[in-house]
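Reading through the structure tokens given below for one structure.
Given the structure is predicted, the values throughout are model-derived calculations rather than measurements.
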Amino acid sequence: PVPRDAVESFLTRALVLSEGQWKGSPYIVADDDNQIIYADRDRVYVRGGSFDQPRYQVFRPGEALIEPGSGRNLGTAGIYMGQALLDKDGDPATFTLVNTIAPVRAGDRVFEIEAEHELYSFEPHPVPPDTDGFIIAQLNPDVTQITQYSSVIINLGAQEGLEPGHVLAIYGKSREIDDPISGGGVKLPGERSGLLMVYKVHDLVSYALVMQAERAIRLQDQVTTP
């Protein structure tokens, strides 16, 4: 069973956009008191869009998601900052910040709230044969280790046929050592370290939950068909 509280917040906050999409999204320009950072109940002004919903989400572009090996840019994941209530549409539009989890700044972006997906519709099943990818990011910046029920991003998405419920095995990196008897190098295979299940899919990347952790799991570990 999927522990709802482990992924519930990420279902509506799993945002990955291209550089062009980030640049084209509505953005906060200032507050009403000439402050540098903003928090709950602060009034802010937003440009770059037309607004007709009562509540929106605030994100900040994070670091680019880079594919190991190829160096391909897979997009930039958003860092969730909180919500904003629409007071008045216009140019700029007026909002009031609510439920912030970190200080908001000018340049942060405003998006409509995506409808929440129902977790219990997930049916875990293996990915197609010969599916191979890597863990490229983890979503909890306060935790250094990836453990059971950690949320991660992998470099596989809808273009590779992934869908919510797909299960992949996690393998540690292979390593080379010196043979103490015959000399020379020998490559040791990476051992299986756990299982993860995809719960939200974008074009080039997916969000996944570590369901089992049998040993240490690290960034750039391989994910493949169980």
Side-chain angles (χ1 to χ4, degrees), residues 9-40 42-117 133-141 151-160 162 198-208 219:
S9 65
F10 294 115
L11 284 176
T12 56
R13 303 176 187 177
L15 181 70
V16 177
L17 300 176
S18 68
E19 182 178 357
Q21 289 172 319
W22 279 110
K23 288 182 177 179
S25 58
Y27 57 93
I28 295 173
V29 291
D31 74 337
D32 65 350
D33 197 27
N34 201 29
Q35 300 297 308
I36 298 175
I37 59 175
Y38 326 129
D40 278 7
D42 284 347
R43 179 169 290 173
V44 296
Y45 302 104
V46 178
R47 300 196 69 193
S50 178
F51 306 98
D52 58 4
Q53 302 297 315
R55 187 181 294 262
Y56 289 76
Q57 289 179 313
V58 181
F59 284 88
R60 179 176 300 154
E63 295 184 1
L65 301 172
I66 303 300
E67 188 171 55
S70 72
R72 182 171 61 138
N73 188 327
L74 302 177
T76 299
I79 302 170
Y80 178 79
M81 309 303 293
Q83 297 184 354
L85 303 179
L86 177 64
D87 296 323
K88 183 181 179 182
D89 191 18
D91 184 19
T94 306
F95 285 83
T96 299
L97 296 176
V98 294
N99 302 327
T100 57
I101 63 173
V104 176
R105 299 196 298 256
D108 289 346
R109 307 289 171 151
V110 176
F111 297 91
E112 290 187 11
I113 294 179
E114 184 179 352
E116 182 175 336
H117 295 270
F134 298 93
I135 296 174
I136 58 174
Q138 67 157 326
L139 301 186
N140 189 344
S151 274
V152 299
I153 300 177
I154 61 175
N155 68 325
L156 301 169
Q159 290 190 5
E160 288 78 26
L162 259 66
V198 172
Y199 63 84
K200 186 161 187 179
V201 178
H202 294 275
D203 285 345
L204 302 179
V205 300
S206 296
Y207 286 69
L219 293 178

Report task. May I ask you to decide if the ring planes of Phe59 and Tyr80 are parallel, tilted or perpendicular, using 30° and 60° as cut-offs? Result -> perpendicular

Query - Nearest heavy-atom neighbours spanning Gln138 and Leu219 - result: N-CD2, 3.9 Å

Requested in this report: Using the side chain to side chain contact (heavy atoms under 4.5 Å, CB included) rule, take Ile154 and Val205 through it: C-alpha gap first, then chi angles, then the decisive distance, then the call.
Outcome: CA-CA 6 Å; Ile154 61 175; Val205 300; over 6 Å; no

Report summary line: Correct closest heavy-atom pair for Val58 and Gln83 would be CG2-C, 4.2 Å

Query raised in the report: Got a donor-acceptor contact below 3.5 angstrom from the Ser206 side chain to the Leu156 backbone?
Result: yes

Query raised in the report: Quick one: does Leu65's side chain get under 4.5 Å of Thr76's, heavy atoms only?
Result: no

Query - Inter-residue atom distance Ile37.CD1 - Asp108.CG, 0.5 Å rounding - result: 11.5 Å

Query raised in the report: OG1 of Thr96 to CZ of Arg43: how many Å apart, nearest 0.5 Å?
Result: 5.5 Å

Query raised in the report: Would you say His202's side chain and Leu74's backbone share a donor-acceptor pair under 3.5 angstrom?
Result: no

Query raised in the report: What do the steps show when you test Tyr38 against Thr100 for side-chain hydrogen bond (donor to acceptor under 3.5 Å, both in side chains), and what is the final call?
Result: CA-CA 9 Å; Tyr38 326 129; Thr100 57; over 6 Å; no

Report summary line: d(Leu85 CG, Gln53 CD) to nearest 0.5 Å is 12.5 Å

**Report entry** Stepwise side chain to side chain contact (heavy atoms under 4.5 Å, CB included) check, Val44 with Val104
**Finding:** CA-CA 10 Å; Val44 296; Val104 176; 5.7 Å; no

Report task. State which residue, out of Phe111, Phe95, Tyr45, fulfils the ring-ring contact (aromatic ring centres under 6.0 Å, His included) condition with Phe51. Result -> Phe95

**Report entry** Backbone of Gln35 reached by a side-chain donor or acceptor of Asp33 within 3.5 Å
**Finding:** no

Requested in this report: Give a yes or no on whether the backbone of Leu97 and the side-chain of Asp42 come within a donor-acceptor separation of less than 3.5 Å.
Outcome: no

Requested in this report: Decide if atom CD of Glu19 counts as having more than 12 heavy atoms of other residues, nucleotides or ligands within a radius under 6.0 Å.
Outcome: no

Query raised in the report: How many angstroms lie between atom CG of Leu17 and atom NZ of Lys23, to the nearest 0.5 angstrom?
Result: 13.5 Å

Query raised in the report: Any chance CD1 of Ile101 has more than 12 other-residue heavy atoms, nucleotides or ligands included, within less than 6.0 Å?
Result: yes

Query raised in the report: Does atom CZ of Arg105 have more than 12 heavy-atom neighbours, drawn from other residues, nucleotides or ligands, at distances under 6.0 Å?
Result: no

Report summary line: Between Ser50 and Asp89 the two heavy atoms that sit nearest each other are OG-OD2, 3.6 Å

Query raised in the report: Quick one: does Arg109's side chain have a donor or acceptor within less than 3.5 Å of a partner on Trp22's backbone?
Result: yes

Report summary line: In terms of heavy-atom contacts, Val201 and Leu162 come closest through CG1-O, 3.7 Å

Query raised in the report: How far does CD of Gln57 sit from CD1 of Ile113, to the nearest 0.5 angstrom?
Result: 5.0 Å

Query raised in the report: Is there a side-chain contact between Arg72 and Asn155 (heavy atoms, below 4.5 Å)?
Result: no

Query raised in the report: Is Asp40 reaching over with its side chain to a backbone N or O of Asn99, donor-acceptor style, under 3.5 angstrom?
Result: yes

Report task. Please check if atom CD in Glu63 has more than 12 non-hydrogen atoms from other residues, nucleotides or ligands closer than 6.0 Å. Result -> no

**Report entry** Pro68 to Ile136 - nearest heavy-atom pair and separation
**Finding:** CD-CG2, 3.5 Å

